[in-house]
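Beneath this line is the structure, given in structure tokens, with notes to follow.
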Amino acid sequence: PPAGGMGTEASSIGQRRSSLHGHWSSRAAFILAVTGSAVGLGNIWKFPYITGENGGGAFVLLYLGCVFAVGMPILVSEVLLGRRGRRNPIATMAILGQEEGGSRHWRLVGTMGVITGLLILSFYSVIAGWSLAYALKSAVGSFAGTDARSAAIEFFTFTGNWKALLAWHAVFMAMTVFVVAAGVQHGLERAVRVLMPLLVVMLLVLVAYSARYGAFEETLVYLFKPDFSELSGESMLIALGHCFFTLSIGMGVVMAYGAYLPEGTSIAASSLTVVLADTVIALLAGMAVFPLVFGNGLNPAEGPGLVFETLPIAFGQLPAGSVFGTVFFLLLTFAAWTSAIGLLEPAVAWIVERHQRSRVVGALVVGGLTWLMGLATVLSFNVLSDLRFGRGTLFQNIDFLASNILLPASALLITVFAGWIMCRNSSSEELAMGSGLLYKGWRLLSRVVAPLAIIVIAFRAVGVI
């Protein structure tokens, strides 16, 4: 699109627009909020086990390359659109679609992101409920003397009890609704200002504990000495896919949070800080988990069971294992909580703006709907475990649809809009980069590299590659 004309008009409109929900009080608050949405089960639960499955250090390097070449330009694009539109993701894409591309149909991209976020939250909340339950189990000493067989039986018995899963799912959703209902500064910002520093402190305590009682040197070699013979084409696709999941890209979260970003705050610098913080926390999680795994002769490539079946064995054998097991599962809960808050916010903002309801009503409605959607995941592990179609259980199909279809599609359309539809004047003004090397680098990555990477992920998800 041309550099002038529509872009100049859109620029003046964008400057006058302000958020209906208030703003973050500072750049630090925004960084904490977006980092909180990015740091979740993906960092503490998923990153360690996919690293274990793909050979350690070489995968870490591959993942870092994917994050900075693909994840970050999309993150910048989504923040850019959010601050430009200053509305919920659906309204933002409708407004910017009209201003920049002459069509309000771009609102469907925002709708896709909001729906994707709620689908992910519906099963995310169930898994987070597990971490709450396991924190309590550890606190009362349930893991003392646990071996592999008893840990597996404990997990199977727990997930087989649909009433227990439903109750913990409800508790976690209530925690999330409580924060979102309080608003941007009094709810979201206040929560992340407390939870994020607490999360980092707990993680550092666990790293110190692992260094004292686990095989820490073996872990450092495993995580930071690359063995490229362990990598495969599948490893590349896993690294690409995980960088979308862990940065909360394509779910409407970053766009909603970007709408509350004060004018004059550097989008690029803030996004870089978020990416660095998210990556450091993921690596610290590996340094907290793997020493305990290696030190107790357990399998680092255990897969999803690494946290809920393998680690209880380690905590059951170590000094003060009940205490530090509790800290670990609380850490997992807090990480999930900050992410869940972000996943709920876009839909609540839409209800407040579109239907002129209070945030309390919006949070209760969306939270209740998400809780009901979570029933499919809860029952997938027990009552409906034999019901299989498509990709497997109900939970596996929902996960596949949200994570492998809707998420890449939403991220692709966001970066295409920011890179190809939005004119240069609008994007360069909002990014405050001028027309120099940094801006050209972002344009190249968002227009070419990131879309191609997303297409590869999508083709892999549907079995083309």
Side-chain angles (χ1 to χ4, degrees), residues 1-24 30 73-116 249-268 270-271 345-347 349-356 409-435 439-440 442-448 450-451:
M6 187 182 300
T8 304
E9 179 184 354
S11 171
S12 63
I13 293 172
Q15 288 296 325
R16 293 199 303 268
R17 193 178 297 125
S18 61
S19 169
L20 303 176
H21 306 274
H23 297 86
W24 304 114
F30 169 75
I74 302 175
L75 182 69
V76 168
S77 298
E78 198 163 346
V79 178
L80 157 68
L81 297 180
R83 190 167 72 177
R84 195 73 177 173
R86 292 291 191 194
R87 296 291 183 269
N88 69 81
I90 298 173
T92 283
M93 292 308 300
I95 292 168
L96 297 183
Q98 181 66 46
E99 292 175 359
E100 302 285 347
S103 172
R104 292 180 65 86
H105 291 314
W106 283 97
R107 70 181 182 277
L108 297 175
V109 177
T111 303
M112 184 188 303
V114 172
I115 291 173
T116 302
I249 296 168
M251 307 176 192
V253 179
V254 175
M255 196 180 298
Y257 281 3
Y260 315 143
L261 184 64
E263 296 290 341
T265 303
S266 170
I267 291 175
S270 300
S271 298
E345 173 64 19
W350 177 77
I351 286 182
V352 171
E353 295 174 24
R354 179 70 175 81
H355 299 284
Q356 298 182 341
S410 178
L412 175 63
L413 292 170
I414 285 170
T415 192
V416 164
F417 185 91
W420 291 95
I421 304 301
M422 180 173 276
C423 68
R424 289 175 179 267
N425 276 9
S426 297
S427 58
S428 65
E429 178 188 60
E430 202 65 50
L431 292 175
M433 290 180 177
S435 57
Y439 178 72
K440 290 177 180 177
W442 168 78
R443 290 266 292 182
L444 173 64
L445 292 173
S446 64
R447 286 162 65 95
V448 179

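From Glu78, atom CD reaches atom CD1 of Ile249 across 7.0 Å, with rounding to the nearest 0.5 Å. Going from atom NE2 of His21 over to atom CD of Glu345 covers 7.0 Å, rounded to the nearest 0.5 Å. The OG atom of Ser18 lies 12.5 Å from the OH atom of Tyr260; values are rounded to the nearest 0.5 Å. To the nearest 0.5 angstrom, Ser427 atom OG is 10.0 Å from Ile267 atom CD1. To the nearest 0.5 Å, atom CD of residue Gln98 and atom CH2 of residue Trp106 are 13.5 Å apart. Atom CG of Leu96 is separated from atom CD1 of Ile421 by 12.0 Å, given to the nearest 0.5 angstrom.
Between Ser410 and Met112, the closest side-chain pair of non-hydrogen atoms falls below 4.5 Å. Between Tyr439 and Arg424, the closest side-chain pair of non-hydrogen atoms falls below 4.5 Å. Side-chain atoms of Arg84 and Ser426, non-hydrogen and from C-beta on, do get closer than 4.5 Å to each other. Between Ile95 and Arg107, every side-chain heavy-atom pair lies at or beyond the 4.5 Å cut-off. Residues Met255 and Asn88 are not in side-chain contact: their nearest non-hydrogen atoms beyond the backbone lie 4.5 Å or more apart. Counting only heavy atoms from C-beta outward, the side chains of Ser77 and Phe417 never approach each other to under 4.5 Å. Two residues are said to be in side-chain contact when any heavy atoms from C-beta on lie closer than 4.5 Å; Glu263 and Glu430 meet this criterion. Taking 4.5 Å as the limit, every side-chain heavy atom of Met433 sits out of range of all side-chain heavy atoms of Ser428.
Remark: Leu20 pairs with Arg87, Glu353 by the side-chain contact (heavy atoms from CB on, under 4.5 Å) rule, at least two apart or across chains.
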**Evaluation steps, side chain to side chain contact (heavy atoms under 4.5 Å, CB included), between Met422 and Leu80** = CA-CA 10 Å; Met422 180 173 276; Leu80 157 68; 4.0 Å; yes

**Prompt:** Can you check salt bridge (charged side-chain N to carboxylate O under 4.0 Å, His left out) on Glu99 and Arg104, steps first, answer last?
**Reply:** CA-CA 9 Å; Glu99 292 175 359; Arg104 292 180 65 86; over 6 Å; no

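The nearest pair of heavy atoms linking Thr92 to Leu81 is CG2-O, 3.3 Å. Shortest non-hydrogen contact noted between Arg83 and Thr265 is NH1-O, 2.8 Å.
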